[in-house]
Protein chains: 2
Amino acid sequence: MTPPRKMVSEERGKSRPGLTREAIIAAALEIVDEEGLEALSMRHLGSVLKVDPMAIYYHIPNKSALLDGLIEAVMGEIDLSLDDPSLPASERIVLAAHIYRDVMMAHPQAVQVIAINNLNTRESFRPVEYLMDIFLGAGFSPHRALAAVNIFGRFVRGFVLFEVHQIFAEEAAACHGCAPTESLQQLLPVEEFPRMNEVMASVGALGTVDEFDLGIRALVDGMFATFYEDEDQMSVNEDQT
Amino acid sequence: MTPPRKMVSEERGKSRPGLTREAIIAAALEIVDEEGLEALSMRHLGSVLKVDPMAIYYHIPNKSALLDGLIEAVMGEIDLSLDDPSLPASERIVLAAHIYRDVMMAHPQAVQVIAINNLNTRESFRPVEYLMDIFLGAGFSPHRALAAVNIFGRFVRGFVLFEVHQIFAEEAAACHGCAPTESLQQLLPVEEFPRMNEVMASVGALGTVDEFDLGIRALVDGMFATFYEDEDQMSVNEDQT
DNA sequence: ACCTGAACACCGTTCAAGT
DNA sequence: ACCTGAACACCGTTCAAGT
């Protein structure tokens, strides 16, 4: 029925290289990076690994666990040593945001997996712990520090998710020979959307890195300006499910 | 006379009610709300509509267009008349964020479609135009106003996306009989994650509405505090792809 | 212990054909 | 104009069987 499904025996007596979880995940990430997320099927993955597709199920329970592996792999690329503890706390957080964004932007095709799913491995929580330390060190209450890391994480992941989504959309539109602003302008008539047209006329394309920096700085500034306030009124709703 | 593609004949003659784009999208939204996004297949949709699944393709080109229809439908629920123009601009933006969040939270199962895809219908852009007007009216430069609406939109959609994701994850965990905090605590040993444990011990569960409010207020405060600054250094990178 | 291959129950989409 | 039904080329996953 439910026998001890332990994976023991990691001794390397067997010269058999065989299939490993790591090799599978690495191959999966390569497929996603090079051919896109929709190209990642168990069958295709099996053919890349030169193995019967079903062999994968011996090492990984299902596709969702495979995607978790992708998240783990990319989160593992975050290099916390890039932090500079001599900087003011708010600057360290802005820096952390850029580091986080950079590793995600290095795998644009994987972003919709990385950004959407919740973290659920120990490895993925190391950066969270690190960030929590900065917030607490800056004098945030535990309650506010927790809120801050949640808000931070949602901001960064959300921003990057939509950033790559927009990039892909623009590429697709470019393939069809129409500039993105053009297609927007023909969708939005001036009479009904005066403000949008006003802005589109005077601005042109935007640098998304700058926009990200602008946004994260506004958020961090705002959090440091408002999170030290009295939080009594919040503890009322604190115990909801 | 004219051959407009709009077949209005909804009256007598053909007592046949027939299939309409609207009815299809309404049924699709109902499926998603009640059975979840993964239950939305063309075949299932056809069976709900008591029609051959392939009949749908006569009215809607493909599934992706069907999902666009869902977005349009939900965005159409946004009620701009809830705004109060007598409030200060920053408060109106916070209010707008809550309105936006509320319509998305009314369709939690559809959020991963609504929040992830870019807007691409005229109807969906009406709230954007409205918001742009508020930012411009508050004295933001066109450049900064555009950045502000982008950042605003990404914040709200990202936040709600992860909020519902977390809710679903907690429900799933609850079904397995383990409290969410418990499972986190056993994943994160105290020695390696002292800060996380410190916070989890003293905080407990969080009210997500409060967290959202805290976050959007921090962001808006920050934007109003920093977006009036000189923006010369930004125009340098303005013309990237 | 590790891998195979057939099979099951699904998908989205195309297309010739019906009314 | 609107709908049908068979068919195509895929999925993820299970399971008995091979080595």
Side-chain angles (χ1 to χ4, degrees), chain A residues 1-25 27-28 31-32 35-70 109 112-113 117 172, chain B residues 1-25 27-28 31-32 35-70 109 112-113 117 172:
Chain A
M1 313 314 244
T2 40
R5 38 178 287 95
K6 293 297 180 195
M7 41 186 64
V8 261
S9 80
E10 194 50 35
E11 8 272 306
R12 49 215 55 199
K14 305 303 182 81
S15 59
R16 196 76 149 86
L19 221 45
T20 63
R21 200 188 105 97
E22 279 195 349
I24 292 171
I25 289 169
I31 290 177
V32 171
E35 306 177 57
L37 183 62
E38 74 288 347
L40 181 64
S41 74
M42 301 306 256
R43 285 166 164 88
H44 186 187
L45 181 54
S47 88
V48 163
L49 290 165
K50 292 174 193 313
V51 115
D52 186 290
M54 300 309 118
I56 297 161
Y57 282 93
Y58 186 82
H59 302 270
I60 286 173
N62 50 43
K63 189 171 184 181
S64 146
L66 179 65
L67 297 181
D68 286 346
L70 290 187
Q109 300 277 174
Q112 53 186 301
V113 181
N117 291 273
Chain B
M1 293 222 166
T2 53
R5 44 180 302 285
K6 204 83 164 169
M7 239 31 252
V8 217
S9 63
E10 195 149 319
E11 43 266 84
R12 72 318 58 173
K14 312 298 184 69
S15 58
R16 199 80 155 86
L19 222 44
T20 63
R21 199 188 106 97
E22 278 197 348
I24 293 171
I25 288 169
I31 290 176
V32 171
E35 305 176 59
L37 183 62
E38 73 290 345
L40 180 64
S41 73
M42 301 306 256
R43 285 166 163 88
H44 186 186
L45 182 53
S47 88
V48 163
L49 289 165
K50 293 174 192 319
V51 114
D52 186 290
M54 300 308 117
I56 297 161
Y57 283 93
Y58 187 82
H59 302 270
I60 285 174
N62 50 44
K63 189 171 184 181
S64 145
L66 179 66
L67 297 180
D68 286 346
L70 290 187
Q109 300 277 174
Q112 52 186 302
V113 180
N117 291 273

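Side chains are part of it too, since the values below use all heavy atoms of this structure and drop only hydrogens, waters and symmetry mates. We name chains A, B, ... by the order of the sequence lines, and we start the count at 1 in each one.
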Can I get a per-line list of side-chain donor-acceptor pairs under 3.5 Å for residues 46-55 of chain A, giving both atom names and the distance, sequence neighbours left out?
| residue | atom | partner | partner atom | Å |
| --- | --- | --- | --- | --- |
| A:Ser47 | OG | A:His44 | O | 3.0 |
| A:Asp52 | OD1 | A:Met54 | N | 2.8 |

Under-3.5 Å N/O pairs linking protein and nucleotides 12-16 of chain D:
| residue | atom | partner | partner atom | Å |
| --- | --- | --- | --- | --- |
| D:dG12 | OP1 | A:Lys63 | NZ | 2.8 |
| D:dG12 | OP2 | A:Met42 | N | 3.0 |
| D:dG12 | N7 | A:Arg43 | NH1 | 2.4 |
| D:dG12 | O6 | A:Arg43 | NH2 | 2.9 |
| D:dT13 | OP2 | A:Tyr57 | OH | 2.9 |
| D:dT13 | OP2 | A:Lys63 | N | 2.9 |

Every protein N/O lying under 3.5 Å from an N/O of nucleotides 17-19 of chain C:
none

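Counting only heavy atoms from C-beta on, A:Asp52 has its side chain closest to C:dG5 among D:dT4, C:dC3, C:dG5.
Separating the CD atom of B:Glu38 from the P atom of C:dA9 is a distance of 20 Å, rounded to the nearest angstrom. Following rounding to the nearest Å, B:Leu49 (CG) and D:dC3 (P) show an atom-to-atom distance of 10 Å. Atom OH of A:Tyr58 is separated from atom P of C:dG5 by 18 Å (rounded to the nearest Å).
A search for salt bridge (Lys or Arg N to Asp or Glu O under 4.0 Å) contacts involving A:Arg43 returns nothing, not counting sequence neighbours.
With the 3.5 Å cutoff on both pairing distances, Watson-Crick and G-U pairs in DNA chain D assemble into runs of at least 3 at C:4-8 with D:12-16, C:12-16 with D:4-8.
No more than 12 heavy-atom neighbours from other residues, nucleotides or ligands sit within 6.0 angstrom of CD on A:Glu22.
A close approach under 4.0 Å does not occur between any side-chain nitrogen or oxygen of B:His44 and OP1 or OP2 of C:dC10.
Of all heavy-atom pairs spanning A:Ala28 and A:Leu45, the tightest one is N-CD1, 3.8 Å. Considering every non-hydrogen atom in both B:Leu70 and B:Ile25, the closest pair reads CD2-O, 3.9 Å. The minimum heavy-atom distance linking A:Ile31 with A:Ala39 is given by the pair CG2-O, 3.8 Å. In terms of heavy atoms, B:Met42 sits closest to B:Leu66 at SD-CD2, 4.1 Å.
Rounded to the nearest Å, the gap between the C1' atom of C:dA1 and that of D:dA17 is 15 Å.
To the nearest 0.5 angstrom, B:Asn117 atom CG is 7.0 Å from B:Leu67 atom CG.
Applying the side chain to side chain donor-acceptor pair (under 3.5 Å) definition to pairs two or more places apart or across chains, those involving residues 58-68 of chain B are B:Asp68-B:Asn120.
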